[in-house]
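Here is the structure we will look at.
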Amino acid sequence: AAATAAAAAAVPADWEFPSIELPSDSGSDLLATFYLDRLRVSSETQSCRACGQEVAVGQLGLCYVTSSVGDDAVRSSVRWVHAPGCIQKDGMRVCAATDTLAASPRVSDSECEKVLIVLGIVSTWVATRQLPCAPLMQPKLWRHGPAQAQHWPIHTIAVPGAPRTRHPPNE
């Protein structure tokens with residue numbers, strides 16, 4: 001319990017930066033489909049949506065919102081999964097042609113690269129129909145408050161073997 005409290009104290013809270021979806025005409029080129037971060041005190045999750053295990057403060061997690069979520073419910077419908085371990089188990093639909101990942105500066109380059117590789121593999125499974133059709137699991141573009149406030153860099157998701165690009169931090 002003491003270690004959890006110490007970890008929570010070391011991770012800044014982000015209450016003032018809510019996560020919301022934006023209308024498609026509101027600078028969507030500065031937004032991402034997936035966000036990679038170490039779980040924060042205020043991230044509003046208790047368990048991984050894929051494995052059901054607790055996502056502890058400071059653990060690496062991937063968050064997204066599915067297309068089944070209405071505009072008024074985005075903040076309460078953010079899906080967190082352990083990254084990279086539970087990404088393949090979650091059933092999310094990844095499209096390498098359009099989906100992007102914004103990574104927190106608290107995530108190392110090697111951790112980000114591992115997650116990008118796994119997302120690329122999942123996109124290949126979707127493209128070859130190795131995953132059953134589940135349109136409600138299609139992620140959508142949305143704004144994660146901490147990423148917008150801290151100008152996280154955005155990465156493209158590429159199929160395995162294809163080059164990836166990194167866009168400069170949001171300005």
Side-chain angles (χ1 to χ4, degrees), residues 8 10-50 55-84 86-87 90-109 111-120 122-123 126 134-158 164-171:
V11 179
D14 55 22
W15 296 110
E16 67 276 14
F17 304 120
S19 297
I20 60 169
E21 181 186 15
L22 294 179
S24 58
D25 62 347
S26 60
S28 62
D29 57 326
L30 301 178
L31 306 177
T33 314
F34 300 99
Y35 294 89
L36 182 65
D37 197 3
R38 300 215 170 273
L39 191 68
R40 298 163 182 257
V41 175
S42 65
S43 293
E44 303 168 358
T45 188
Q46 297 176 349
S47 62
C48 171
R49 295 290 183 110
V55 182
V57 171
Q59 272 189 315
L60 192 60
L62 181 79
C63 63
Y64 67 99
V65 173
T66 65
S67 60
S68 64
V69 175
D71 295 350
D72 57 342
V74 169
R75 186 168 185 193
S76 63
S77 302
V78 175
R79 294 180 62 91
W80 279 92
V81 295
H82 291 108
C86 289
I87 292 171
D90 187 55
M92 70 181 73
R93 299 299 181 254
V94 181
C95 179
T98 59
D99 291 343
T100 54
L101 170 80
S104 166
R106 299 183 303 157
V107 175
S108 72
D109 288 343
E111 290 171 320
C112 182
E113 183 64 23
K114 286 176 189 174
V115 170
L116 286 166
I117 289 168
V118 173
L119 288 170
V122 172
S123 75
V126 171
L136 296 181
M137 289 301 291
Q138 180 66 45
K140 63 182 178 180
L141 201 63
W142 64 293
R143 179 176 77 185
H144 183 50
Q148 295 297 299
Q150 299 168 7
H151 309 292
W152 296 2
I154 297 176
H155 306 264
T156 59
I157 298 169
R164 261 187 276 290
T165 59
R166 176 179 169 171
H167 304 283
N170 297 339
E171 299 289 323

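Along the sequence shown, residues are numbered consecutively beginning with 1. All heavy atoms count here, side chains included; hydrogens, waters and symmetry mates do not.
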Subject >> Worked check of side chain to side chain contact (heavy atoms under 4.5 Å, CB included) between Val122 and Ile157 >> reply: CA-CA 10 Å; Val122 172; Ile157 298 169; over 6 Å; no
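- Counting all heavy atoms, side chain and backbone alike, Val55 lies closest to Ser47 at CG2-C, 3.9 Å.
- Between the Tyr64 side chain and the Trp142 main chain, no donor and acceptor come within less than 3.5 Å of each other.
- In this structure the side chain of Leu119 reaches within 4.5 angstrom of the side chain of Met92, judged on heavy atoms.
- In terms of heavy-atom proximity, Arg143 sits nearest to Tyr35 at CA-OH, 3.8 Å.
- Using the six-membered ring where Trp is involved, His144 and Trp80 have ring planes that are perpendicular, over 60° apart on the 30 and 60° scheme.
- Shortest non-hydrogen contact noted between Ala103 and Cys112 is CB-SG, 3.8 Å.
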Original post:
Yes or no on side chain to side chain contact (heavy atoms under 4.5 Å, CB included) for Asp37 and Arg106, after CA distance, side-chain angles and deciding distance?
Top reply: CA-CA 7 Å; Asp37 197 3; Arg106 299 183 303 157; 2.8 Å; yes
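- Nearest heavy atoms, Pro139 versus Thr33: CB-CG2, 3.4 Å.
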**OP:** Dump the intermediate steps for side chain to side chain contact (heavy atoms under 4.5 Å, CB included) on Val115 and Leu62, then the final yes or no.
**Re:** CA-CA 9 Å; Val115 170; Leu62 181 79; 4.3 Å; yes
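- A donor-acceptor distance shorter than 3.5 angstrom exists from the side chain of Glu111 to the backbone of Ser108, with no hydrogens or angles considered.
- In this structure, the separation between NE2 on His82 and CD on Gln59 is 4.0 Å, given to the nearest 0.5 Å.
- To the nearest 0.5 angstrom, His155 atom NE2 is 14.0 Å from Phe34 atom CZ.
- In this structure, Asp99 CG and Thr156 OG1 are separated by 11.0 Å, a value rounded to the nearest 0.5 Å.
- From Lys114, atom NZ reaches atom CD1 of Ile87 across 12.0 Å, with rounding to the nearest 0.5 Å.
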Subject >> Derivation of the side chain to side chain contact (heavy atoms under 4.5 Å, CB included) call for Ile117 and Glu113 >> reply: CA-CA 6 Å; Ile117 289 168; Glu113 183 64 23; 3.9 Å; yes
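- The shortest side-chain heavy-atom distance between Pro146 and Trp152 falls under the 4.5 Å cut-off.
- To the nearest 0.5 angstrom, Cys63 atom SG is 8.5 Å from Leu36 atom CG.
- The minimum heavy-atom distance linking Cys86 with Val81 is given by the pair CB-CB, 4.4 Å.
- Between Cys48 and Asp90 there is no side-chain heavy-atom pair separated by less than 4.5 Å.
- Side chain of Arg79 to backbone of Val65: no donor-acceptor contact under 3.5 angstrom is found.
- The distance from atom CG of Leu141 to atom CG of Leu31, rounded to the nearest 0.5 Å, is 4.5 Å.
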